[in-house]
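The structure under discussion appears below in the form of structure tokens.
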Amino acid sequence: DAVIATLVGEHKRDNHVVIFQAADYCVKRLTRSSNEGVTVYSRRLPFPKSGSIREVLSAIVEFLLSAMAVREVLILEKIEVIHLHTLQLYQLYFAIVGKLLRIPYVITLHGSETVVYPSRHAVLRFLWRRILRGATCVVTVSSALADLAKRNFPFLSDIRVIENGV
């Protein structure tokens with residue numbers, strides 16, 4: 001809610017603001033609402049998990065449908081820059097589709113993803129590295145977090161700090 005309030009403030013300054021939030025698992029279709037003039041899209045963004053062949057194939061189809069929904073929003077709203085509020089696996093949708101559409105994206109690290117990175121599964125670390133490497137800019141919310149990010153993500157050459165940023 002605080003993030004939406006901040007973005008509503010940006011919208012009131014004549015910036016075009018669109019929010020896409022990952023929804024609960026039950027929201028299978030793309031929904032659209034408005035909050036004080038800011039358009040808010042919502043849809044579940046699942047990832048394939050291990051299981052039977054049928055479950056994996058079903059999850060892959062769902063992944064592709066979700067990616068197409070993200071693409072639809074980015075094109076419809078004429079998005080010029082994507083802001084990934086934090087580093088989570090579902091951000092991979094925006095990183096992939098943004099790259100395909102040549103839309104730059106910025107990631108803000110808030111702490112937990114940076115702290116837990118070394119202990120995560122190798123596949124998750126691989127995917128997070130891909131997302132981070134593809135970012136136009138990586139931002140942290142404090143100097144201390146930037147120092148930790150430099151240690152945990154040594155492949156990043158430029159990490160910027162916006163104190164208490166959203």
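Here Tyr105 pairs with nothing under the ring pair (Phe, Tyr, Trp, His ring centres under 6.0 Å) rule; sequence neighbours left out. Scored by the side-chain contact (heavy atoms from CB on, under 4.5 Å) test, Ser143 finds Val161, Glu163 as partners (sequence neighbours excluded). Not counting sequence neighbours, Tyr41 has no partner by the ring pair (Phe, Tyr, Trp, His ring centres under 6.0 Å) test. In this view, Leu101 and Arg71, Leu74, Ile75, Val97, Ile103 satisfy the side-chain contact (heavy atoms from CB on, under 4.5 Å) rule, not counting sequence neighbours.
At distances below 3.5 Å, not a single donor-acceptor pair connects side-chain atoms of Glu77 with backbone N or O atoms of Val18. Using a distance-only test at 3.5 Å, with no hydrogens or angles considered, a donor-acceptor pair links the side chain of Ser66 to the main chain of Glu62. Formation of a donor-acceptor pair under 3.5 Å by the Thr136 side chain with backbone atoms of Pro104 is not found in this model. A side-chain donor-acceptor contact under 3.5 Å links His110 to the backbone of His85.
Hydrophobic clustering of Ile, Leu, Val, Met, Phe, Trp and Tyr side chains at less than 4.5 Å, counting indirect connections, keeps Val61 apart from Leu57. No continuous path of hydrophobic side-chain contacts links Ile79 to Met68 [ILVMFWY only; heavy atoms under 4.5 Å]. Hydrophobic clustering keeps Leu65 apart from Ile60 (ILVMFWY residues linked when any side-chain heavy atoms are closer than 4.5 Å, directly or through intermediates). Note on Leu92: it clusters hydrophobically with Leu100, by side-chain heavy-atom contacts below 4.5 Å among ILVMFWY residues.
Two residues are said to be in side-chain contact when any heavy atoms from C-beta on lie closer than 4.5 Å; Glu55 and Ser52 meet this criterion. Using a 4.5 Å cut-off on side-chain heavy atoms (C-beta onward), Phe20 and Leu30 make contact. When side chains are defined from C-beta on, Thr39 counts as touching Arg32, because their heavy atoms get closer than 4.5 Å. Annotation: side chain of Tyr93 is in contact with side chain of Phe63 (closest heavy-atom distance under 4.5 Å). Ile107 places none of its side-chain heavy atoms less than 4.5 Å from the side chain of Val139.
Note that CD of Glu113 and CG of Leu109 are 4.5 Å apart. Values are rounded to the nearest 0.5 Å.
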When the side chains of residues 121-135 are checked against the rest of the protein, which donor-acceptor pairs come out under 3.5 Å, sequence neighbours left out?
from   : atom 1 : to     : atom 2 : distance (Å)
His121 : ND1    : Val123 : N      : 3.0
Arg125 : NH1    : Arg120 : O      : 2.4
Arg129 : NH1    : Tyr117 : OH     : 3.0

Let me check something: any side-chain donor-acceptor pairs from residues 144-156 under 3.5 Å, sequence neighbours excluded? List them with distances.
from   : atom 1 : to     : atom 2 : distance (Å)
Asn152 : ND2    : Thr114 : O      : 2.6

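If you run side chain to side chain contact (heavy atoms under 4.5 Å, CB included) between Thr108 and each of Thr140, Val138, Val141, Thr86, only Val141 comes through.
Atom CD1 of Ile53 has 12 or fewer neighbouring heavy atoms from other residues, nucleotides or ligands inside a 6.0 Å radius.
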